[in-house]
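Presented below is the structure to which this report refers.
First the proteins, then the strands, lettered A, B, ... as listed; each starts at 1.
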Amino acid sequence: MHAFQIPLMPPYSFERLFQRLQTHPDPQLEVQAENNLLRRVFRVGSRPVLTSLQFVGSIDQPVLQVGTTSALSAEERDELVRTIRHVFCADLDLLPIYEQMQEEAELAVLVKRFRGLRLMHDSDLFQSMVKTIIGQQINLTFAANLTQRLLALAGDEVVDERGVKFLAFPTAEAVARLAVEDLRPLQFSQRKAEYIIDYARAIVDGTVELERLWAMEDEEVVAHLTALRGIGRWTVECLLMFGMGRPNLLPAADIGLRNGISLVYKLDTKPDEKEIRRMGERWEPWRSIYSLYIWEAVGAVKRKEVWEE
DNA sequence: GTCCAGGACTCGC
DNA sequence: GCGAGTCATGGA
């Protein structure tokens with residue numbers, strides 16, 4: 001085992017991260033909550049590397065202890081560290097965001113309750129988009145099942161030292177080689193299978209260049225990608241938030257966010273997209289973090305956490 | 001059985 | 001431009 005440490009920006013709540021994973025299962029993660037331990041495969045270059053991630057320290061002095069089963073060159077290790085810092089949102093300063101959130105009593109409650117909660121981002125933009133398309137319309141549990149089945153069908157297998165098998169997320173090339181008929185038996189709808197395969201082929205043939213997105217403004221990315229069939233505004237907003245880590249996204253049409261706002265503000269009805277965008281104006285430029293904390297209020301209810309104020 | 005899930009597309013008006 | 005229907009499954 002090759003080990004090293006990555007310091008994280010405080011506050012960082014491992015407890016909240018693991019609780020969130022209960023309601024937001026990730027098929028790529030092996031979770032050992034009792035040890036604050038995660039294991040998954042990251043791609044370094046194109047090479048799948050099995051990685052263990054143990055959270056040590058505390059909410060105010062958080063450190064990630066990283067181990068890989070295979071040896072890495074200095075360059076590979078730098079790339080893996082960059083990926084991990086991105087995935088675990090290691091560099092975001094939450095304090096000014098909390099200060100702003102506390103201006104609203106309904107949100108100050110969330111800051112107190114979820115202090116140190118950060119988004120887990122996707123490790124690359126291809127898988128972020130595929131997972132988001134899979135998640136369109138269906139519940140999170142079913143979405144995780146479909147993602148797991150796609151991993152089993154087209155992912156790359158990595159075996160650890162004890163012979164336990166892990167799957168790396170399929171490459172765009174592997175998904176581009178699939179046919180709709182391969183995904184239908186996995187309970188992908190006809191259209192969803194088409195969207196995912198078409199998207200993978202657009203990546204492989206160069207119609208879409210994901211690396212160019214990093215230089216674009218949020219709305220440019222929306223305009224650029226919604227031109228593709230099966231990719232609407234919600235999907236690109238999720239890509240920007242979960243895949244790219246952009247801080248100011250508000251997926252106002254999202255059913256979970258609508259439920260969350262209704263819950264947090266104790267409304268009798270679900271606000272519509274227009275109302276949410278109007279409310280969100282005062283949350284700029286941190287609307288992604290507001291969204292996360294509002295979503296998590298719904299997650300806490302699903303987990304039957306006791307809600308006290 | 002019914003309704004809703006962290007949507008998007010197509011069609012008819 | 002806007003509403004209704006469609007897709008597919010699982011959990012409440």
Original post:
If you check the A:Q187 side chain, which of B:dA8, C:dT9, B:dA5 turns out closest?
Top reply: C:dT9
Original post:
Base, sugar-phosphate, or nothing for A:L257, non-hydrogen atoms under 4.0 angstrom?
Top reply: nothing
Subject >> Nearest-Å distance for atom pair NZ/P, residues A:K270 and B:dC3 >> reply: 13 Å
Subject >> Whole angstrom value for the distance that separates C1' of B:dG7 from CD of A:E237 >> reply: 12 Å
Original post:
Within this structure, what is the CZ-to-P distance between A:F188 and B:dG7, rounded to whole angstrom?
Top reply: 16 Å
Original post:
Mind checking whether A:W283 and A:Y290 have parallel, tilted or perpendicular rings, split at 30° and 60°?
Top reply: parallel
Subject >> Position toward the 5' end of DNA chain B (nearest nucleotide), A:T141 or A:T226 >> reply: A:T141
**OP:** Please say whether more than 12 non-hydrogen atoms of neighbouring residues, nucleotides or ligands are located less than 6.0 Å from CD in A:E161.
**Re:** yes
Original post:
What stems, by residue range, does DNA chain B take part in, given at least 3 consecutive Watson-Crick or G-U pairs under 3.5 Å?
Top reply: B:2-5 with C:9-12, B:7-13 with C:1-7
Original post:
Which part of the nucleic acid, if any, lies within contact of A:R149, taking any heavy atom under 4.0 Å across all strands shown: a base, the sugar-phosphate backbone alone, or nothing?
Top reply: nothing
Original post:
Looking only at side chains, do A:R39 and A:S52 share a donor and an acceptor under 3.5 Å apart?
Top reply: no
Original post:
C:dG11 P sits how many Å from A:K302 NZ, rounded?
Top reply: 13 Å
Subject >> DNA chain B: 5'-proximal contact among A:R191 and A:N139 (nearest heavy atom) >> reply: A:N139
**OP:** Quickly work out the A:W295 CH2 to B:dA5 C1' distance and round it to whole Å.
**Re:** 14 Å
Original post:
Once you round it to whole Å, what is the distance between P of C:dT6 and CD of A:E194?
Top reply: 18 Å
Original post:
Do A:Q137 and B:dA5 share a donor-acceptor pair, side chain to base, under 3.5 Å?
Top reply: yes
Original post:
When you check the phosphate oxygens OP1 and OP2 of C:dT6, does a side-chain N or O of A:S189 lie under 4.0 Å from one of them?
Top reply: no
Original post:
How many Å lie between CZ on A:F142 and P on C:dG11, as a whole number?
Top reply: 10 Å
Original post:
When you look at CD of A:Q61, are more than 12 heavy atoms from neighbouring residues, nucleotides or ligands closer to it than 6.0 Å?
Top reply: no
Original post:
Base, sugar-phosphate, or nothing for A:N259, non-hydrogen atoms under 4.0 angstrom?
Top reply: sugar-phosphate
Original post:
How close or far is atom P of B:dA8 from atom CD1 of A:I134, stated in whole angstroms?
Top reply: 14 Å
**OP:** Looking at every strand, decide which applies to A:T132 at a 4.0 Å heavy-atom threshold: base, sugar-phosphate, or nothing.
**Re:** nothing
Original post:
Contact class for A:I133 (heavy atom, under 4.0 Å): base, sugar-phosphate, or nothing?
Top reply: nothing
Original post:
Touch check for A:R229, heavy atoms < 4.0 angstrom, all strands: base, sugar-phosphate only, or nothing?
Top reply: sugar-phosphate
Original post:
Does A:I84 belong to the same Ile/Leu/Val/Met/Phe/Trp/Tyr cluster as A:V56, with side-chain heavy atoms less than 4.5 Å apart forming each link?
Top reply: no
Subject >> More than 12 heavy atoms of other groups within 6.0 Å of A:E217 CD >> reply: no
**OP:** Measure up the A:H121 and A:H86 rings against each other and bin them: parallel (under 30°), tilted (30 to 60°), perpendicular (over 60°).
**Re:** parallel
**OP:** State whether A:F4 and A:R77 meet the cation-pi test: NZ (Lys) or CZ (Arg) under 6.0 Å from the six-membered ring centroid, and within 45° of the perpendicular axis.
**Re:** yes
**OP:** For B:dA5 versus C:dC2, give the span between their P atoms, rounded off to a whole number of Å.
**Re:** 23 Å
